[in-house]
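Quantities reported herein were computed from a predicted structural model and do not represent experimental measurements. The figures here come from the full heavy-atom set of this structure, side chains too, leaving out hydrogens, waters and symmetry mates. Along the sequence shown, residues carry numbers from 1.
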Amino acid sequence: MSYFIDRRANAKHKSAVNRQRFLDRYRTHIKRSVEEAVNRRSITDMERGEKVSIPARDISEPVFQHGAGGRRRIVAPGNKEFVEGDRLRRPGGGGGGGDGAGEGGASNQGEGVDEFAFTLSREEFLDFVFDGLELPHLERKNLVDLDEVRPVRAGVSREGVPARINIVRSMREAHARRIAMRAPIRRALREAREALEAEERKDPVLRNPARIAELKAEVERLEKRLEAVPFIDTYDLRYNHLVNQPQPSSKAVMFCVMDVSGSMTQGHKDIAKRFFLLLYLFLERNYEKVELVFVRHHTAAREVDEEEFFYSRETGGTIVSSALTLVDEIIEARYPPGQWNLYVAQASDGDNWDDDSVACRDLLVKRLMPRLQYFTYVEITPHAHQALWEEYETVAAEFPARFAMRQIVEAGDIYPVFRELFKRRMAGG
């Protein structure tokens, strides 16, 4: 028998790393469980974790085996029953084919393995919920304000903090200073040595001992001055100079438009709320520079806060164009298209007042769509589409890349529709 002993030191957060590897390995199974969980959850428990089960047959572990070893010759016989490409028939059921699911009557035979179950944390659950989603056509816009800056190199400075010292420039300055300071000293030293050498070469009778002693003292003084020149001085230090450069902003605003008219039943409103809650969690989790504007409408539209948007019981008739007009006014007043990425998500049952659907189409084509990055419309109804859907189809035909519309019949359709509307697109798609 062989034993394998892992003598490597345990790394910091090793269990977290191993867990992430496990999640990556069984991503397909986990995503399937997460999608089922999203569809059966209520509005109030969207952010909690989830218990996930993986069939035991899909979990494999490495197994070490001893090879035969040595030299040997074998003959591998063929078979008369099977050829390449044949499918083997599944073994018949019975007491010996239990799968551990707990179904069926008692038996004194058979073995099985339970499914592997574990719990996803809130963060892991939301990671899988919003995996592969993004805001379409997000662009870098002009400067909005000066709070979004990036430090960039702007040469060197004589002042700074030690962390930003430029060693190469500092050593270059030190070398230049040493050359400049030592050159006249070297010149004077060379002249003094030449004079001393000339004086010592004279005939002993003509030598001047006082002059020789003076020259030796001068040489010694100059040598000390030469050695006293510091290798590096605080005057030589140079620091990388950084300035804050304003950056183009990728700020975005999402207009959440919900129909709360009398034709929207409580079931319709709950589905709309769940759709917008998914959208809210998605934006809050994935983007730092996204603002949300909540608009409710019946015959008239109002901008409301988050609490009123999700829980107000106000109702009335239906004029959809009032909401689109309000969105247009808010854009004009607060969100210039040259500085903001503009998005609209609208939920309605498709019921609208008489000819107002034509007004909605005109507002979209002439005012909103030329300025919007993306407009998404979900119609919550099990019935045939009405005039609003038909008018929106003409808008979708004119702006196919930036206008999307889908139908939701029941709560189970919310998450698939949401993923389809906000799935990550290829560049230029």
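Thr318 pairs by the side chain to side chain donor-acceptor pair (under 3.5 Å) definition with Ser261, not counting sequence neighbours. Every residue meeting the ring pair (Phe, Tyr, Trp, His ring centres under 6.0 Å) condition with His385, not counting sequence neighbours, appears here in chain and number order: Trp389. Taking Arg361 as the reference, Glu391 meet the side chain to side chain donor-acceptor pair (under 3.5 Å) condition, with sequence neighbours excluded. With sequence neighbours left out, Glu307 forms a side chain to side chain donor-acceptor pair (under 3.5 Å) with no residue at all.
In this structure, the side chains of Leu237 and Tyr235 stay at 4.5 Å or more apart for every pair of heavy atoms. Val293 has its side chain within reach of Ile330: a pair of non-hydrogen atoms, C-beta onward, lies under 4.5 Å apart. Between Ile212 and Asn208 there is no side-chain heavy-atom pair separated by less than 4.5 Å. Between Glu410 and Pro382, the closest side-chain pair of non-hydrogen atoms is not below 4.5 Å.
Residues Ile331 and Phe255 approach most closely at CG1-CZ, 3.6 Å, considering heavy atoms. Residue Leu222 comes nearest to Ala192 through the heavy atom pair CD1-CB, 4.3 Å, listed as atom of the first residue, atom of the second, then distance. Nearest heavy-atom pair across Ser322 and His297 is OG-CB, 4.0 Å.
Counting heavy-atom neighbours within 6.0 Å of Asp355 CG, excluding the residue itself, gives a total of 12 or less.
Side chains of Gln346 and Tyr392: a donor on one and an acceptor on the other come within 3.5 Å. Side-chain polar atoms of Asp236 and Ser170 form no donor-acceptor pair below 3.5 angstrom. A donor-acceptor pair shorter than 3.5 Å can be found between the side chains of Glu379 and Tyr377.
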Name each donor-acceptor pair under 3.5 Å that joins a side chain in residues 153-160 to protein atoms two or more places apart or in another chain, with its distance.
| from | atom 1 | to | atom 2 | distance (Å) |
| --- | --- | --- | --- | --- |
| Arg153 | NH2 | Asn240 | OD1 | 3.3 |
| Ser157 | OG | Glu159 | N | 3.2 |
| Ser157 | OG | Glu159 | O | 3.1 |

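Counting only residues at least two apart or in different chains, side chain to side chain donor-acceptor pair (under 3.5 Å) contacts with residues 326-337 comprise Glu291-Tyr335, Glu303-Arg334, Asp328-Arg367, Asp328-Arg371, Glu332-Arg367, Glu332-Arg371.
Between Arg193 and Glu197, no side-chain nitrogen of the basic residue sits less than 4.0 Å from a carboxylate oxygen of the acidic one, so the salt-bridge criterion is not met. A salt bridge does not link Glu227 with Lys224: every distance from a Lys NZ or Arg NE/NH1/NH2 to an Asp or Glu carboxylate oxygen is 4.0 Å or more. A salt bridge links Arg406 with Glu420; the closest basic N to acidic carboxylate O contact falls under 4.0 Å. Between Glu173 and Arg238, at least one side-chain N (NZ, or NE/NH1/NH2) sits under 4.0 Å from a carboxylate O, which counts as a salt bridge.
Using the six-membered ring where Trp is involved, Phe375 and Phe403 have ring planes that are parallel, under 30° apart on the 30 and 60° scheme.
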